[in-house]
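Chain letters run A, B, ... following the sequence lines, proteins first, then strands; residues in each count from 1. Side-chain atoms are counted along with the backbone in the values below, which use heavy atoms only and exclude waters and symmetry mates.
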Amino acid sequence: MTERIAEDRRAKLDKLREKNRNPYPIRVTKPVSIGSCLENFEDRQGEEVVVAGRLTQVRDFGKLRFSHLMDRDEQIQIGFERDRLPEFWPDRKLVEANDIVVVRGELGLTKKGEKTIWATEVTLASKTLRHAPEKWHGLQDVEARFRMRYVDLFANPEVRQGFILRSKIISGIREHFDSQGYLEVETPILQPIFGGATARPFKTHHNSLDMPLFLRIAPELYLKRLLVGGLERVYEIGRVFRNEGLSTRHNPEFTMLESYGAYADYRDVMELVEGLFGHLCQTVLKGQSKVEFRGADYDLTPPFDKRRYTELFAEHNGGLDFFDEPAVLARAKELHIETAGRPWEKIANDVFEATVEDNLSGPVFVYDYPLAICPFAKAHPEDARIAERFELFIAGMELANAFSELNDPIDQEGRFERQLEHVDEESSSEMDEDYVNALEFGMPPAGGLGLGIDRLCMLLTGNDSIRDVILFPLLKRDSGRVEKQTEAEKED
RNA sequence: GGGGGCGUAGCUCAGGGGUAGAGCACCGGAUUUUUAAUCCGAUGGUCGGAGGUUCGAUCCCUCCCGCCCUCACCA
């Protein structure tokens, strides 16, 4: 079969049209879910229902045929009998596996006790022109699954369930923040100055304003402006964009939750996060608190372990004091970490990442980070070198990042200025003066949180790769296939 | 960007310097209780792309494209 469209299916489509059967009707009878038909099924035999979905696996017995019908959540057997379907029966071979149909019928059982809808009326709702993937293995080819996610979703029910779960996770997050009095807001994705994180941005341009713009790397600085404005508790779930490499844990666009709550500090945010995980275990995981990820088990029951950054640093580096610059530099060289021309605190943090992070199975809050790598966090009242910041690690993945937000405009301006001394592709060459201006109008003390939704979904759905929890992960264009297709189209 | 692996029918996969293979799907036939139905028959391929070696390449070599894993950057 070299044609783009399966010729046999095209022929069936033509036959349907000849018989005045619309293969793509505008309106069909509204169905109920198959799941609702399965509830209390035994007591409802003989009841008439209308269901709809994709046909699978037709099993033909001459005057009788069986198939399964699949909708979003469930599937059920459909029994087609010649004598009950005078209208449909002559067309039965024109309607085949993979077609979308609406079936009216009676709930009943087969001789072997299989729950079945005995059809009394069958309407083709959409004719399929492509062959479906194999019924048993589904679509396995990873590349094809990503490029044709629409096929992956209907051919692989577990993929569909995974994305349904992702949707429920996001609903669960909204429920939790809403219940805590947080207001969901939206802030600019197109930003004239990028900030709020350390990452290379995507650049774009607005034509009529003739203005360079960046796709946001974080919503942080806009959300905190809203605290100045008095909204007090805000959160945003949205896409952020980072112009960096791809991996099983990184996609150039990913979904982030950020929240900011006035009159709270990072300890309160830890509780907020623990509460969130508790809520998700209750709702999304239906009371479960254990998840399996990459072959290991994780217990998400709060409270989580809490470990001080500098203590972990010493523990995994032979008692080394994080602030002992010459000793840490020596350790960095031992670990073959790039040191030349880089700020020492980044080098020291690289030592932390190289020696500690992979060993954090978690869930664990790592807290009290060195202030120098936390440009938006408040200093610890007892040690000016330390910031009130924590990160949540589970399965070696950084899932969340939070701090007691810096609201001192003069301190903030100074930290921006210090950042400008080391400008690279990952930091703006411009200070966000308006953000400092906002702080000068007064921002209440606040606890802020950033949480990677995709990684959370990986953990809760047990998927190893971020591409398995993003419906359409970024892929290169397959120029070979594209050329092949356009050539084939020209020949038509 | 570095290293490793992969790309064969619509799908899942085997094969391998000499006419390209299976199962499923599809097509024709049989069949009123199947559950990956079964049975009989038929169809279906630029073996990712372009070069090279060879009498002959899907197989060997080179380059290119794409995907996966991994390292680096990062969340």
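When distances are taken from the side chain of A/Q57 to each of B/C11, B/C27, B/A37, the shortest belongs to B/A37. Counting only heavy atoms from C-beta on, A/Q140 has its side chain closest to B/C13 among B/C68, B/C13, B/U33. Comparing B/C11, B/C26, B/C67 by their nearest atom to the side chain of A/E96 picks out B/C26. Here the side chain of A/E244 is nearest to one of B/A75, B/U33, B/U12, namely B/A75. Listed nucleotides: B/C67, B/C27, B/U33. Nearest to the side chain of A/K12: B/C27. Considering only side-chain atoms of A/F146, the nucleotide from B/U34, B/U31, B/C68 that sits closest is B/C68. Side-chain proximity of A/V142 to the nucleotides B/A36, B/C68, B/C13 is greatest for B/C68. Of the candidate nucleotides B/U33, B/U12, B/A37, B/U12 has the atom lying nearest to any side-chain atom of A/L139. Counting only heavy atoms from C-beta on, A/H131 has its side chain closest to B/A25 among B/U33, B/U35, B/A25. Of the listed nucleotides (B/U35, B/C27, B/A75), B/U35 has the atom at the smallest distance from the side chain of A/T110.
Applying the Watson-Crick and G-U wobble criteria (two distances, each under 3.5 Å), B/U53 pairs with nothing in any strand. B/G41 is paired with B/C27 under the Watson-Crick or G-U wobble criterion, all donor-acceptor distances under 3.5 Å. The partner of B/C6 is B/G66, by the rule that a Watson-Crick or G-U pair needs both atom distances under 3.5 Å. The pairing partner recorded for B/A36 is none, the criterion being a Watson-Crick or G-U wobble arrangement whose two distances lie under 3.5 angstrom.
With respect to the salt-bridge test (charged N to carboxylate O, under 4.0 angstrom), the residues A/D14 and A/R17 do not qualify. The pair A/R267-A/E271 fails the salt-bridge criterion, with no side-chain N (NZ, NE, NH1 or NH2) lying under 4.0 Å from an Asp/Glu carboxylate O.
No engagement by A/R65 is indicated, since no non-hydrogen atom pair under 4.0 Å with the nucleic acid exists. Nucleic acid contact for A/G79: none, since no nucleic acid atom lies under 4.0 Å from a heavy atom of the residue. Within 4.0 Å of A/D60, counting heavy atoms only, lies at least one base atom of the nucleic acid. Among the heavy atoms of the strands lying under 4.0 Å from A/N251 is at least one base atom, whether or not backbone atoms are also near. Among the atoms of the strands shown, base atoms are found under 4.0 Å from some heavy atom of A/D83. Counting non-hydrogen atoms under 4.0 angstrom, A/L475 reaches the backbone sugars and phosphates but no base.
Whole-Å rounding puts the A/D152 CG to B/C11 C1' distance at 13 Å. In this structure, the CG atom of A/D141 is 8 Å from the C1' atom of B/G7, given to the nearest Å. Rounded to whole Å, atom C1' of B/C6 lies 16 Å from atom CZ of A/R145. For the pair A/R239 CZ and B/A75 P, the interatomic distance rounds to 19 Å; values are reported in whole Å. Per the geometry, CH2 belonging to A/W136 stands 15 Å off P belonging to B/C13, to the nearest Å. Atom CD in A/E134 sits about 15 Å away from atom P in B/A22, given to the nearest Å. One interatomic measurement links the two molecules: CZ of A/R216 to P of B/A75, which rounds to 17 Å at whole-angstrom precision. Look at CG on A/L129: it is 15 Å from P on B/C26, rounded to the nearest Å.
Comparing the P positions of B/A20 and B/C59 gives an interatomic distance of 13 Å, to the nearest angstrom. For the C1' atoms, the distance linking B/G45 with B/G15 amounts to 15 Å, nearest Å. For the P atoms, the distance linking B/G7 with B/A14 amounts to 8 Å, nearest Å. Of the C1' atoms belonging to B/G17 and B/U54, the separation is 9 Å, rounded to the nearest Å. Using atom P as the reference point in both B/U46 and B/C11, the two lie 12 Å apart (nearest Å).
A/K93 has a side-chain polar atom (N or O) that falls below the 4.0 Å cut-off from OP1 or OP2 of B/G29. For A/K112 and B/U33, the shortest distance from a side-chain N or O to OP1 or OP2 is not below 4.0 Å. The phosphate of B/A37 (OP1 or OP2) has a side-chain N or O of A/K135 nearer than 4.0 angstrom.
Comparing A/R59 and A/P133 against RNA chain B, the residue whose closest nucleotide sits nearer the 5' end is A/P133.
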Could you check A/N349 against A/E353 for side-chain hydrogen bond (donor to acceptor under 3.5 Å, both in side chains), going step by step and ending with a plain yes or no? CA-CA 6 Å; A/N349 189 51; A/E353 287 180 4; 3.2 Å; yes
Check the pair A/R54 / A/H68 against side-chain hydrogen bond (donor to acceptor under 3.5 Å, both in side chains), numbers first and verdict last. CA-CA 8 Å; A/R54 212 176 268 276; A/H68 271 79; over 6 Å; no
Walk me through it: do A/Q77 and A/R59 pass the test side-chain hydrogen bond (donor to acceptor under 3.5 Å, both in side chains)? CA-CA 11 Å; A/Q77 177 164 273; A/R59 302 175 289 279; 2.9 Å; yes
Check the pair A/Y182, A/Y260 against ring-ring contact (aromatic ring centres under 6.0 Å, His included), reporting the backbone distance first and the verdict last. CA-CA 8 Å; A/Y182 281 76; A/Y260 296 86; 9.3 Å; no
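Side chain A/E114 to base B/U34: no donor-acceptor pair is found below 3.5 Å.
The aromatic ring centroids of A/Y266 and A/F403 lie 6.0 Å or more from each other. Ring centroids of A/F322 and A/F352 are separated by 6.0 Å or more, keeping the two rings apart.
Remark: side-chain polar atoms of A/R225 are not paired, donor with acceptor, to backbone N or O of A/E220 under 3.5 angstrom. A side-chain donor-acceptor contact under 3.5 Å links A/D71 to the backbone of A/E74.
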Write out a two-atom table: protein N or O, nucleotide N or O from nucleotides 69-72 of chain B, distance below 3.5 Å.
{"residue": "B/C69", "atom": "OP2", "partner": "A/R467", "partner atom": "NH1", "Å": "3.0"}

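In this structure, the aromatic ring of A/F61 is not positioned over the six-membered ring of the base of B/U31 within 5.5 Å between centres and 30° between planes. By the 5.5 angstrom centroid cut-off and the 30-degree plane limit, A/F66 is classified as not stacked against the base of B/A37.
More than 12 heavy-atom neighbours from other residues, nucleotides or ligands sit within 6.0 angstrom of NZ on A/K306.
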